[in-house]
Every structure is written in structure tokens, then in C-alpha cells.
A.B. asks: 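Below you'll find the structure I mean.
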Amino acid sequence: MYIKSLIKVLLVEDDEDDCLITQELLAEISHIKYELEWVSTSEDALEAIASNCHDVILVDFYLGKSTGLEILQVALERGCKTPIIMLTGLGDREVDNQAIQAGASDYLVKDQLTSQLLERSIRHSMERKRIEEALKESEARFRALAEREALLNRLSKQIRNSLELSVILNTAVSAIRTLLDIDRCQFIWCKNYNYNNDDLSLELVCQACEPKIQASTCFTSNDAETIALTKIVRQLNLQEGSIFNIDLNSEIWDSLAVLNFPFMLIVPVRTSGDRMGILVCERWLDLPATIAYKWDQDLTKLLMAIADQIAIAIGQAELYESTRIAKEQFDQLLLNILPKTVAEHLKNNDEVIADNFKEVEIMITYWLIGGKYR
């Protein structure tokens, strides 16, 4: 259990004598230092709670026009995550139950309060709240992972059930932009990519971007975006097959500055035909906001899995396309050397190639050779 060396306590109490008593009780606890802030009205209490600078809150149930229960309810509605302990009078069992049901971490009877009870209630309330928040974060994380896995499965099914390369790639970049909540995602072929990168050229295939961002209409070797991106790709060893995170700390930050955005993820996509493509994920942020931004590790791992699925789908589409072209060439060859009906029989694997006709006409032709009919 983690215990802070200094615990900041907010006391909401309209009786100054009770405030002094609480202060004395906290002072009796020798192994932990407490810093007490006292407010006496519900308005001041809600303002102090909103500051979110306390470790625990002690609220008296009776506060003149308002009650501690009302303060508790409003604080929780506004998203207060600080544990709140209700202070009640002797015999207020119904009040105690209402406080716990409303979301109080604990309740203490003021007439029976000791430094030991107060310390234990504060410690347990803080620990319980810490565990609750950790569980919520864990549940949210696993829920997000489950949603992302479901998205991956849907995306995998979509791209692997399609045999059209354009459909596969457009579906992928749109899904990735939504999944990562980024500004733009592009799929780019790296032509002639090798370790030397002497003849490297880039071909933009498709992209998905925020409506506010103007999509690239050209991707030639002379435009500034292509030059900067080519420089980035030349400096990366895409053969490794891992994700490349480029940010303010990267050695090639100057290239991102040219592109006017501070974060980029590059994910290599190597197909079975040994073609090299890249998924370029771009996050456009104002510079003051870039220092604290980090890519979600779970999302980047998922992105690598998506890249693998895309590579498989591309291989399937390329195989289908090569098979289709070979079939067309075969069909044309048959038509060049055989009648159409015979060619159809051959393609259909018919056992009998000849046709059956009910009525036919026979023409007998003679040739005159050397003065004689043959």
C-alpha cells in the first residue's frame, strides 16, 4: 500500500470549534503529516473541490441551508474523484446509509471521533479510491482493446474478402485513420526500395484525411512533400519491419517541419511479391501541444497486425490479377486457333467437343486436274 508523506485534507464544516477539534486530531497522528484547508459554506466547498488539489475531503452533514449530502451529490456529478468522508451526528444511521449509497467513501460519527479512527478512515478511503480508479482504468483499457480487436477482425475480413487492390487499400487507410484518431493516413508504394535507396521513388496510392486537411492532389518527385518524405524513407531501414515513430526527438525532425506536422508513424508493408509499401500515419498538432503527446502502444501494435493483414490481402489481389490476365491470354489464344464453339467446349471441360445437328447440307466439290475430275 502506498502512503503519501503529506496528505492534503479539505474540511467542509460551518462550526469553528469542530474545525479546531479535527485539526487537533490530525496533529496527533505522528507518522503522517496532514495539511488542512477549512471552508464553511457549500459554495466555497464546491469551488475548493473543483480545484482537485486535495487527497481527501471531510464533509459535515449539517451545513445550514445546504447539507453535506447535497455537496457530495453535486461533487460526484461534476466528476470528483477525491474520496469524500461524511461527518455525521450520533444516531444518524439513516443519514449514514444515504451517504454511502450516494457515493461517500466512508462516514464518521463526530462524537465518537478519535485520531486513530480518523487516520484509518482517511487511509482506507484513499486506498479504496485508488483501487477503484485503477480498476476503472483497467476495465476501460481492456474494453478499448476488445473494441480494437473487433475492429481488426472486421477490417481483416473486409480486406481479405476483396480481390480488388484499390478497395483493400482505401478500406485500410480509412479504418486506420478512424482507429488511431489521426489527421491523415496514406498508403505509398516505395519503388526500387533497397538498402542503398539510390533509385527510390514514391507513388501515392490512396489516403484518408480530416475534412479540414487538403488531400494531396499530386505526388511528384518535385513537390516539397514528396522530397521530405523520400528523405525520411531513405534514412529508415524499412527492412526491419517495425514501426518507426518520428517526433520532435527524432534526428529527422527537420523533415517533419517541412511537412508542417510534428508526429508521424511509418509502418512498412512488405508483400509476398517483395514489393515495399508504407502506411504513413500523420498527427498534426500545434507545436505547444506536441511535447506531451505520445502514440498509444497498444494501437501501434494493432497497427502492425493490420499491416500484416494488408500485405496478405495485397498478395491475394495480385495473385488474382495475374491469374485473370493469364486466363484472358489463354482465352484469346484459343480463339486464335479454334472456332469459338470448340474453344468454349474446351474451357468448360466438356467430354464431347463436336456439336450435333439435326439437319445438314453436304456439298461435294470436284477438281479438274490434268483433264480429269478428281
A.B. asks: Would you check if Thr88 and Leu108 make a side-chain contact, meaning some heavy-atom pair closer than 4.5 Å?
C.D. replies: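 Thr88 does not reach Leu108 side chain to side chain.
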A.B. asks: Would you say that Ile100 contacts Tyr107 through its side chain, given a criterion of any heavy-atom pair below 4.5 Å between the two side chains?
C.D. replies: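 With C-beta onward as the side chain, the pair touches.
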A.B. asks: Could you tell me if the side chain of Val12 sits less than 4.5 Å from the side chain of Asp44, heavy atoms only?
C.D. replies: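 The answer is no; the side chains never approach within 4.5 Å.
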A.B. asks: Counting N and O atoms only, with roles assigned by atom type, does the side chain of Arg128 sit under 3.5 Å from a partner on the main chain of Ser105, one being a donor and the other an acceptor?
C.D. replies: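 Yes.
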A.B. asks: Take Cys190 and Leu200, measure what side chain to side chain contact (heavy atoms under 4.5 Å, CB included) needs, and give me the verdict at the end.
C.D. replies: CA-CA 7 Å; Cys190 299; Leu200 175 66; 3.9 Å; yes
A.B. asks: Quick one: CD1 on Ile182 to CD on Glu282, what's the gap to the nearest 0.5 Å?
C.D. replies: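 Rounded to the nearest 0.5 Å, the CD1-CD separation comes out at 7.5 Å.
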A.B. asks: Using modelled atom types only, decide if a donor and an acceptor are shared between the side chain of Arg184 and the backbone of Arg177 within a distance under 3.5 Å.
C.D. replies: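 No.
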A.B. asks: Are Leu20 and Leu36 co-members of a hydrophobic cluster defined by side-chain heavy atoms under 4.5 Å apart?
C.D. replies: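 The answer is no; the residues belong to distinct hydrophobic clusters.
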A.B. asks: Can you give me the closest heavy-atom contact between Ala307 and Val267, atom names plus distance?
C.D. replies: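 Nearest pair, atom of Ala307 first, then Val267: CB-CG1, 3.6 Å.
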A.B. asks: Hey, does Asp55 have a side-chain heavy atom less than 4.5 Å from the side chain of Val9?
C.D. replies: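 No, side chains not in contact.
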A.B. asks: What distance do Ile312 atom CD1 and Ile314 atom CD1 have between them, rounded to the nearest 0.5 Å?
C.D. replies: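 Reported to 0.5 Å precision, the distance equals 10.5 Å.
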A.B. asks: Could you walk me through whether Asp183 and Arg283 pass the side chain to side chain contact (heavy atoms under 4.5 Å, CB included) test, one step at a time?
C.D. replies: CA-CA 5 Å; Asp183 296 291; Arg283 167 68 71 181; 3.9 Å; yes
A.B. asks: What I want to find out is whether Lys110 reaches Asp60 closely enough, with some N-O distance under 4.0 Å, to be called a salt bridge.
C.D. replies: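 Result for this pair is yes, salt bridge flagged.
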A.B. asks: Rounded to the nearest 0.5 Å, what separation is found between the CH2 atom of Trp38 and the CG atom of Leu11?
C.D. replies: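 Trp38 atom CH2 to Leu11 atom CG measures 8.5 Å (nearest 0.5 Å).
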A.B. asks: Got a salt bridge between Arg324 and Glu328, using NZ or NE/NH1/NH2 to carboxylate O under 4.0 Å?
C.D. replies: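 Salt bridge present between Arg324 and Glu328.
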A.B. asks: Search all heavy atoms of Gly68 against all heavy atoms of Val59 and return the closest pair with its distance.
C.D. replies: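 Result for this residue pair: CA-CG1, 3.4 Å.
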A.B. asks: Taking all non-hydrogen atoms of both residues, which atom of Ile122 and which atom of Tyr34 are closest, and how far apart?
C.D. replies: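 The answer is CD1-CE2, 4.0 Å.
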A.B. asks: Would one find more than 12 heavy atoms of other residues, nucleotides or ligands at under 6.0 Å from atom CD of Glu47?
C.D. replies: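 Result for CD/Glu47: open.
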A.B. asks: How about Asp14 and Ser40: does a side-chain donor come under 3.5 Å of a side-chain acceptor?
C.D. replies: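 No, Ser40 and Asp14 have no side-chain donor paired with an acceptor closer than 3.5 Å.
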A.B. asks: If you count heavy atoms of other groups shown closer than 6.0 angstrom to CD of Glu133, is the number above 12?
C.D. replies: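 Enclosed.
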A.B. asks: Is it the case that more than 12 heavy atoms not belonging to Lys129 sit under 6.0 Å from its NZ atom?
C.D. replies: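 Above 12, so yes.
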A.B. asks: Could you see if Leu76 belongs to whatever hydrophobic cluster contains Ile131? Use Ile, Leu, Val, Met, Phe, Trp, Tyr and a side-chain cutoff under 4.5 Å.
C.D. replies: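 They do not share one cluster, since no chain of ILVMFWY contacts under 4.5 Å joins Leu76 to Ile131.
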A.B. asks: Applying a strict under-4.5 Å side-chain criterion to I, L, V, M, F, W and Y, I'd like to know whether Leu279 and Met304 cluster together.
C.D. replies: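 Yes, it is one cluster - the side chains of Leu279 and Met304 are joined through contacts under 4.5 Å.
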A.B. asks: Which atoms form the tightest heavy-atom contact between Ala75 and Leu46, and what is the distance?
C.D. replies: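 What the structure gives for the nearest pair is N-CD2, 4.3 Å.
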A.B. asks: Does the pair Glu37/Lys8 count as a salt bridge with the N-to-O cut at 4.0 Å?
C.D. replies: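 No, Glu37 and Lys8 are not salt-bridged.
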A.B. asks: What are the two closest heavy atoms between Ala45 and Val39, and how far apart are they?
C.D. replies: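 Taking every non-hydrogen atom into account, CA-CG2, 3.8 Å.
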A.B. asks: Give a yes or no on this: more than 12 heavy atoms of other residues, nucleotides or ligands lie within 6.0 Å of atom CD of Gln116.
C.D. replies: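 Counting neighbours around CD of Gln116, 12 or fewer heavy atoms of other residues, nucleotides or ligands fall under 6.0 Å, so no.
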A.B. asks: Please confirm whether the backbone N or O of Ser174 pairs with a side-chain atom of Thr178, one donor and one acceptor, at under 3.5 Å?
C.D. replies: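 Between the backbone of Ser174 and the side chain of Thr178 there is a qualifying donor-acceptor contact (under 3.5 Å).
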A.B. asks: Any side-chain donor paired with an acceptor under 3.5 Å for Gln101 and Asn97?
C.D. replies: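 No, no side-chain donor-acceptor contact under 3.5 Å.
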A.B. asks: Same cluster or not: Leu319 versus Ile310, using hydrophobic residues (I, L, V, M, F, W, Y) connected whenever any side-chain heavy atoms lie under 4.5 Å apart?
C.D. replies: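 In one cluster: no.
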A.B. asks: Run the side chain to side chain contact (heavy atoms under 4.5 Å, CB included) test on Thr114 and Leu118 for me, step by step, so that the C-alpha distance in whole Å, both residues' side-chain angles and the decisive distance to 0.1 Å come before the verdict.
C.D. replies: CA-CA 6 Å; Thr114 65; Leu118 183 57; over 6 Å; no
A.B. asks: Would you say Thr41 and Leu63 make side-chain contact, with heavy atoms under 4.5 Å?
C.D. replies: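 The answer is no; the side chains never approach within 4.5 Å.
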A.B. asks: Below 4.0 angstrom, N of the basic side chain to O of the carboxylate: do Glu127 and Arg130 qualify?
C.D. replies: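 So Glu127 pairs with Arg130 through a salt bridge.
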A.B. asks: Given Ser125 and Asp106, is the side-chain hydrogen bond (donor to acceptor under 3.5 Å, both in side chains) satisfied, shown in steps?
C.D. replies: CA-CA 7 Å; Ser125 296; Asp106 198 1; 4.6 Å; no
A.B. asks: Any non-hydrogen side-chain atom of Trp189 less than 4.5 Å from a side-chain atom of Met276?
C.D. replies: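 They are not in side-chain contact.
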A.B. asks: Cluster question for you: counting only ILVMFWY and a side-chain heavy-atom cut-off of under 4.5 Å, with indirect links fine, are Phe330 and Ile337 together?
C.D. replies: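 Yes: a chain of side-chain contacts under 4.5 Å links Phe330 to Ile337.
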A.B. asks: Please check if atom CZ in Arg120 has more than 12 non-hydrogen atoms from other residues, nucleotides or ligands closer than 6.0 Å.
C.D. replies: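 Not more than 12 within 6.0 Å, no.
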A.B. asks: Roughly how far, to the nearest 0.5 Å, is CG of Leu10 from CD1 of Ile85?
C.D. replies: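 Between Ile85 CD1 and Leu10 CG, I get 11.5 Å after rounding to 0.5 Å.
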A.B. asks: Could you check Val205 against Gln186 for side chain to side chain contact (heavy atoms under 4.5 Å, CB included), going step by step and ending with a plain yes or no?
C.D. replies: CA-CA 8 Å; Val205 179; Gln186 298 176 317; over 6 Å; no
A.B. asks: Atom CG of Leu169 and atom CD of Gln207: how far apart are they, to the nearest 0.5 Å?
C.D. replies: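 Reported to 0.5 Å precision, the distance equals 13.0 Å.
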A.B. asks: With a 4.5 Å heavy-atom cut-off, do Glu35 and His54 have their side chains touching?
C.D. replies: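 No. Closest side-chain heavy atoms not under 4.5 Å.
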A.B. asks: Considering only NZ, NE, NH1 and NH2 on the basic side and carboxylate oxygens on the acidic side, decide whether Arg123 and Glu119 come within less than 4.0 Å.
C.D. replies: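 Glu119 and Arg123: salt-bridged.
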A.B. asks: Do Ile49 and Ile57 have side chains that approach each other closer than 4.5 Å (heavy atoms only, starting at C-beta)?
C.D. replies: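 Yes; the side chains approach each other to less than 4.5 Å.
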A.B. asks: When rounded to the nearest 0.5 angstrom, what is the spacing between CG in Leu179 and SG in Cys281?
C.D. replies: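 Here the rounded value is 9.5 Å.
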A.B. asks: Is a side-chain donor or acceptor of Ser121 paired with a backbone partner of Leu117 at a separation under 3.5 angstrom?
C.D. replies: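 No, the answer is negative, given that no donor and acceptor are paired below the 3.5 Å cut-off.
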